[in-house]
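The block underneath contains the structure these notes are about, expressed in C-alpha cells.
Counting convention: from 1, in listed order, for ligands and their atoms alike. Residue numbers start at 1 and run along the sequence shown.
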Amino acid sequence: MRYLLTVMLLATLLVSCAQDSGPPVIVSELRILAPVPGSNMGVAYMKITNRGTAAITVHNASSPQFERVEMHETTIADGVSRMRPIDGIEIAVGDTAIFEAGGKHLMLMNPGPDTIPGSPVTLEITHDSGLLIVSATMQPRLPTE
Ligand SMILES: [Cu+2]
C-alpha cells in the first residue's frame with residue numbers, strides 16, 4: 001500500500017512538471033555580431049519560439065547599447081541582395097521564427113562608444129503578450145556573416 005502511494009505521488013509530480021513548460025515565449029541561439037570596420041550596423045540572430053496557447057506578433061526591439069534597432073528581412077531580387085524593414089513577425093502556436101544570415105535579422109544601428117566586441121548587449125523585444133529581455137556578449141563579425 002505504501003509502495004502504491006509512492007507511485008501515485010510520483011505520477012502526480014511528473015504530471016505537474018509536464019504542465020509547467022516554462023515561459024511561453026523563448027529566445028534561443030542568440031548571437032550578437034559587432035559592426036564590421038567602417039560600418040555602424042551590428043546584427044542579431046536568434047530563434048524565437050512560441051510555446052504559448054495563442055499566436056503572437058513580435059512588434060519591435062530596442063537596445064540600451066544602440067541608438068536604434070530595426071527588424072529587417074534580406075531578399076534577393078535579380079541576383080541583388082537587399083534588406084527591407086518589416087513591421088512585425090507573427091509566430092503561430094508551436095512555431096519558431098528564425099533570425100539568420102540571409103533572412104530575417106535585427107539590425108543594430110549606431111552603437112554607443114563602449115559597445116565593442118566582448119562587451120555585453122541587451123535586447124528588449126516587444127511582442128503581444130509581453131517583453132523579452134535577453135543579452136549576449138557581442139562577437140566580432142566574420143566576413144561571411
Ligand atoms: Cu538589415
Side-chain angles (χ1 to χ4, degrees), residues 6-145:
T6 309
V7 169
M8 283 172 66
L9 198 68
L10 252 175
T12 310
L13 280 173
L14 285 172
V15 168
S16 59
C17 283
Q19 282 167 344
D20 178 22
S21 55
V25 183
I26 293 169
V27 172
S28 59
E29 296 177 42
L30 174 65
R31 295 175 67 218
I32 294 174
L33 304 178
V36 291
S39 155
N40 62 352
M41 291 202 284
V43 67
Y45 300 132
M46 74 199 79
K47 292 179 176 177
I48 304 178
T49 300
N50 179 5
R51 287 167 54 173
T53 53
I56 59 161
T57 300
V58 175
H59 296 289
N60 54 53
S62 64
S63 168
Q65 286 81 32
F66 288 83
E67 191 179 297
R68 187 174 166 75
V69 178
E70 290 184 3
M71 269 195 290
H72 283 180
E73 186 158 39
T74 300
T75 53
I76 296 178
D78 300 324
V80 180
S81 171
R82 288 194 176 84
M83 303 189 290
R84 65 182 180 92
I86 46 179
D87 287 336
I89 297 171
E90 192 177 315
I91 311 174
V93 173
D95 267 10
T96 297
I98 299 173
F99 293 72
E100 60 185 350
K104 297 180 187 73
H105 54 275
L106 293 183
M107 204 90 248
L108 312 175
M109 305 162 105
N110 299 331
D114 299 333
T115 302
I116 55 171
S119 67
V121 170
T122 299
L123 294 174
E124 301 175 0
I125 302 167
T126 306
H127 63 87
D128 288 329
S129 49
L131 183 67
L132 297 164
I133 300 176
V134 292
S135 52
T137 300
M138 192 161 78
Q139 310 287 320
R141 190 172 179 177
L142 302 172
T144 52
E145 296 172 307

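Residue contact annotation: Met41 places no N/O/S atom under 2.8 Å from the Cu ion (ligand 1). Note on Met107: counted as a metal contact of the Cu ion (ligand 1), an N/O/S atom lying under 2.8 Å.
Here the shortest heavy-atom pairing between Asp128 and His59 reads OD1-NE2, 2.7 Å. Between Thr53 and Val93, the shortest heavy-atom distance links the atoms C-CG2, 3.6 Å.
Across Asn40, Asn110, Val121, a single residue satisfies side-chain contact (heavy atoms from CB on, under 4.5 Å) together with Phe66, and that is Val121.
At the Cu ion (ligand 1), the vertex angle linking SD of Met83 with ND1 of His72 is 120° (nearest 10 degrees).
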The test is side-chain hydrogen bond (donor to acceptor under 3.5 Å, both in side chains); show your working for Asp95 and Asn50 and say whether it passes. CA-CA 6 Å; Asp95 267 10; Asn50 179 5; over 6 Å; no
